Structure formats: C-alpha cells, structure tokens
Novice: 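Below: one structure in structure tokens.
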Amino acid sequence: MVIKTRDGIDIFLENLAAFKSARVFNPWSSNCEEVDNENSFDVRLKNLHTVLRACADANEVDLWIGRDLGWRGGRRTGVALVDEATLVDYASSINASGLTKATVGPAMKERTATEIHLARKRVSRKIFFWNVFPFHPHEDNKPHSNRMHTRAERDLGLSFLNNILELLPIRRALAIGNDATRAVQKIDLEFYSVRHPSYGGQQDFHRQVDAHYGLVSNECTQKSLFDGSM
C-alpha cells in the first residue's frame with residue numbers, strides 16, 4: 001500500500017536525518033566544512049522533502065536506484081543522482097518548485113549525474129532517484145572521496161528503500177550498475193538492470209535504458225548485465 005501522507009514523509013525524513021556513522025556524510029543533518037554554510041543541511045532536507053512530496057502526489061513515478069551518494073552530486077544537493085547543474089531541470093521534470101543550491105561557490109557537475117540527466121530527458125517520465133545506501137560513504141579523513149558501502153550499510157539502506165516503496169506510487173524500477181543490482185535482488189521488488197554509465201559504460205547504459213523504455217529496437221541493444229526480475 002502506498003502511504004501518501006505528509007506524516008509518512010516527515011517520519012521518513014526524520015529517520016533519515018537521524019543517522020550517524022563513521023566514514024559517512026549525512027547531507028540532511030551535517031554540513032561540509034569546505035563548501036557549506038550553517039543552513040546547507042536544512043536546504044538539502046527541504047530539497048528532498050519537496051521531491052518526495054511531488055512524487056508522492058503523482059499518479060505514478062519510476063524509481064531509478066544507484067549505489068550511494070557521490071561527493072560531487074547528491075552529497076551537495078540532497079537529491080540522489082542529481083548534481084547542482086541538473087537540479088533545476090530535474091525539479092521541472094517532476095513538477096516540483098523551490099529546489100535550491102545548498103553549497104557556496106560555483107555549481108559543480110558530476111559525470112554520473114550528467115549521464116542520468118540525459119537518459120531521464122529521453123524517457124520523459126516522472127522519476128524518483130534513490131540509492132541502495134542513501135548517504136555518502138567516504139574514506140578515512142577524506143570527505144571528498146567515494147567508497148563502496150559495507151554489507152551492514154547496505155542492509156540499513158535497504159530498509160530505507162523499502163520505506164520509499166511504501167511512500168511512493170512506483171510503476172517501474174531500474175537498478176543502475178552491478179552493485180545496485182546485487183543489493184536490490186535481496187528485497188521483494190521487480191526491477192530492470194542496466195550498466196552504470198561510469199568507467200566506459202555510457203553507451204551501454206543509454207542503450208539499455210532506451211531498450212527498457214521501448215525507445216529503440218531491442219535488436220540494437222545488448223542485454224542487461226543482470227536479470228533483475230524477481
């Protein structure tokens with residue numbers, strides 16, 4: 001059952017903001033000493049609240065799932081797989097208003113977010129982005145680095161993902177990359193899998209997204225790296 005109440009979203013955000021752990025940056029309750037001001041985490045929390053409300057109020061949305069937040073993208077915006085360069089355009093795509101840049105200095109681009117943005121525009125559907133581990137895991141004493149989340153972090157993240165499935169009217173789910181695919185296979189969710197656009201995977205990623213959405217002939221598309229259906 002989809003819980004489309006404001007209370008449900010508020011409770012979810014409270015639980016999300018309450019999380020603290022070593023080698024993890026929580027963009028909805030913490031500030032970065034280098035690029036944030038004292039209100040930055042609150043701006044990011046409001047960004048995510050706005051996105052959740054817009055998607056919960058829609059008749060249906062698609063869910064695209066990545067691995068975890070990147071330091072150039074969701075760590076700065078509070079919105080998974082969306083960087084500062086694509087934040088306004090993403091807001092328009094889901095009929096949301098008021099998404100705001102939270103950091104100081106020039107807007108930053110993230111390569112993954114750029115490719116996600118290009119694919120989303122072709123699909124022309126309302127899409128909610130999330131990650132298996134919704135926070136930003138980083139190396140010791142290197143806040144502007146990315147690391148793979150641990151098994152315990154994955155399991156915690158999947159509990160938040162299950163909350164998302166309760167809050168939003170999900171029509172179709174897409175797992176982006178091997179790590180996301182393996183994690184999402186552990187919950188009760190039918191989904192498609194595509195290659196991650198980084199490390200030379202851009203062409204396969206776009207080809208597979210197009211195939212899943214019927215934008216090109218399947219004959220021109222390689223099969224997904226995993227069969228994610230359950």
Side-chain angles (χ1 to χ4, degrees), residues 12-49 51-52 64-87 90 99-117 128-161 163-164 175-184 186 195-202 205:
F12 173 78
L13 292 174
E14 288 173 4
N15 291 334
L16 200 68
F19 175 77
K20 294 182 179 180
S21 183
R23 300 193 304 152
V24 175
F25 181 80
N26 185 333
W28 305 290
S29 59
S30 300
N31 286 329
C32 173
E33 295 180 358
E34 296 184 25
V35 302
D36 286 341
N37 58 45
E38 63 181 8
N39 298 318
S40 291
F41 76 87
D42 192 48
V43 172
R44 287 187 286 263
L45 189 64
K46 289 177 180 177
N47 283 347
L48 182 56
H49 182 272
V51 169
L52 281 167
W64 288 16
I65 308 164
R67 193 184 79 179
D68 31 51
L69 291 181
W71 74 269
R72 290 177 177 267
R75 173 189 167 110
R76 296 170 69 97
T77 64
V79 182
L81 299 172
V82 176
D83 63 10
E84 291 170 333
T86 59
L87 188 63
Y90 173 62
L99 298 194
T100 306
K101 183 176 177 293
T103 62
V104 299
M108 180 172 284
K109 282 188 174 183
E110 182 191 58
R111 177 177 297 179
T112 295
T114 298
E115 300 300 328
I116 296 293
H117 168 72
F128 179 78
F129 299 115
W130 197 244
N131 286 304
V132 170
F133 185 62
F135 310 97
H136 172 233
H138 58 79
E139 302 292 346
D140 283 326
N141 302 316
K142 296 181 179 179
H144 291 170
S145 64
N146 297 319
R147 69 169 173 85
M148 173 68 178
H149 58 253
T150 66
R151 181 176 299 181
E153 289 169 340
R154 177 205 65 196
D155 292 343
L156 172 73
L158 291 178
S159 69
F160 283 112
L161 177 56
N163 292 154
I164 291 294
I176 303 170
N178 299 0
D179 296 324
T181 294
R182 283 190 287 264
V184 178
K186 297 183 177 298
R195 182 170 177 172
H196 197 281
S198 64
Y199 306 111
Q202 294 97 324
F205 165 73

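Being a predicted model, the structure only gives us computed values, none of them experimental. These values consider heavy atoms only, across backbone and side chains, with no hydrogens, waters or symmetry-generated copies.
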Novice: Could you list the residues that satisfy side chain to side chain contact (heavy atoms under 4.5 Å, CB included) with Glu14, not counting sequence neighbours?
Specialist: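 Side chain to side chain contact (heavy atoms under 4.5 Å, CB included) list for Glu14, sorted by chain: empty.
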Novice: Can you list every salt bridge (charged side-chain N to carboxylate O under 4.0 Å, His left out) pair that touches residues 144-159, not counting sequence neighbours?
Specialist: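 Only Arg147-Glu153 qualify under salt bridge (charged side-chain N to carboxylate O under 4.0 Å, His left out).
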Novice: Quick one: OG1 on Thr86 to CG on Leu81, what's the gap to the nearest 0.5 Å?
Specialist: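 Thr86 atom OG1 to Leu81 atom CG measures 9.5 Å (nearest 0.5 Å).
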Novice: Sequence neighbours left out, what passes salt bridge (Lys or Arg N to Asp or Glu O under 4.0 Å) with Asp42? Give chain and number order.
Specialist: Lys46
Novice: So, does Asn26 use its side chain to make a donor-acceptor pair with the main chain of Leu16 at under 3.5 Å?
Specialist: yes
Novice: Name the residue from Thr181, Asp179, Asn131 that meets the side-chain hydrogen bond (donor to acceptor under 3.5 Å, both in side chains) definition with Arg67.
Specialist: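 With Arg67 as partner, side-chain hydrogen bond (donor to acceptor under 3.5 Å, both in side chains) holds for just one option, Asp179.
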Novice: Quick one, Val132 and Ile65 - any side-chain contact, counting heavy atoms below 4.5 Å?
Specialist: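 Counting from C-beta outward, Val132 and Ile65 do come under 4.5 Å.
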Novice: Closest heavy-atom contact between Pro197 and Ile176?
Specialist: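 What the structure gives for the nearest pair is CD-CG2, 3.9 Å.
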Novice: If the condition is side-chain hydrogen bond (donor to acceptor under 3.5 Å, both in side chains), which residues does Asn31 pass it with, not counting sequence neighbours?
Specialist: none
Novice: Indicate the atoms forming the closest heavy-atom contact of Gly201 with Arg195, along with that distance.
Specialist: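 So the two residues come closest at CA-NE, 3.4 Å.
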Novice: Check Ala180 against Gly66 and note the closest heavy-atom contact, atom names and distance.
Specialist: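 Closest approach of Ala180 to Gly66: CB-O, 3.7 Å.
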Novice: Please enumerate all residues that pass ring-ring contact (aromatic ring centres under 6.0 Å, His included) together with Trp130, with sequence neighbours excluded.
Specialist: Phe12, Phe128
Novice: Quick one: side-chain hydrogen bond (donor to acceptor under 3.5 Å, both in side chains) partners of Asp68, sequence neighbours excluded?
Specialist: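 Residues passing side-chain hydrogen bond (donor to acceptor under 3.5 Å, both in side chains) with Asp68: His149.
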Novice: Considering residues at least two apart in sequence or located in another chain, which fulfil the ring-ring contact (aromatic ring centres under 6.0 Å, His included) criterion with His138?
Specialist: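 Applying ring-ring contact (aromatic ring centres under 6.0 Å, His included) to His138 gives His136.
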Novice: How many angstroms lie between OH in Tyr199 and CZ in Phe205, if you round to the nearest 0.5 Å?
Specialist: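 One gets 15.5 Å once the value is rounded to the nearest 0.5 Å.
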Novice: Can the ring centres of Trp28 and Phe19 be said to be less than 6.0 Å apart?
Specialist: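 No, ring centres 6.0 Å or more apart.
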Novice: Does the side chain of Phe25 reach to within under 4.5 Å of the side chain of Leu69, using non-hydrogen atoms?
Specialist: no
Novice: Applying salt bridge (Lys or Arg N to Asp or Glu O under 4.0 Å), name anything that partners Glu115, two or more places apart in sequence or on another chain.
Specialist: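 Salt bridge (Lys or Arg N to Asp or Glu O under 4.0 Å) list for Glu115, sorted by chain: empty.
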Novice: Kindly indicate, with the supporting measurements, whether the criterion side-chain contact (heavy atoms from CB on, under 4.5 Å) is fulfilled by Lys20 and Ser30.
Specialist: CA-CA 9 Å; Lys20 294 182 179 180; Ser30 300; over 6 Å; no
Novice: Please check if the side chain of Asn146 supplies one atom and the backbone of Trp71 the other of a donor-acceptor pair under 3.5 Å.
Specialist: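 Yes, Asn146 side chain to Trp71 backbone: donor-acceptor pair under 3.5 Å.
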Novice: For residues 103-114, dump all side-chain donor-acceptor pairs below 3.5 Å to protein atoms at least two apart in sequence or in another chain.
Specialist:
from: Thr103; atom 1: OG1; to: Arg76; atom 2: NH2; distance (Å): 3.2
from: Thr103; atom 1: OG1; to: Glu84; atom 2: OE2; distance (Å): 2.5
from: Thr103; atom 1: OG1; to: Lys101; atom 2: NZ; distance (Å): 3.1
from: Glu110; atom 1: OE1; to: Ala113; atom 2: N; distance (Å): 3.4
from: Thr114; atom 1: OG1; to: Glu110; atom 2: O; distance (Å): 3.0

Novice: May I have the step-by-step check of side-chain contact (heavy atoms from CB on, under 4.5 Å) for Leu52 and Leu13, ending in yes or no?
Specialist: CA-CA 10 Å; Leu52 281 167; Leu13 292 174; 3.8 Å; yes
Novice: Quick test of your reading: applying salt bridge (charged side-chain N to carboxylate O under 4.0 Å, His left out), list the pairs with at least one residue in residues 29-39, sequence neighbours left out, ordered by first then second residue.
Specialist: Asp36-Arg44
Novice: So how far is it from Ser40 OG to Leu45 CG, rounded to the nearest 0.5 Å?
Specialist: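 Those atoms lie 12.5 Å apart.
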Novice: Residues in ring-ring contact (aromatic ring centres under 6.0 Å, His included) with Tyr90, at least two apart?
Specialist: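 For Tyr90 the ring-ring contact (aromatic ring centres under 6.0 Å, His included) partners, ignoring immediate neighbours, are Phe129.
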Novice: Please name all residues satisfying side chain to side chain contact (heavy atoms under 4.5 Å, CB included) with Asn47, sequence neighbours left out, ordered by chain then number.
Specialist: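 Val43, Val79, Leu87, Leu99, Thr100.
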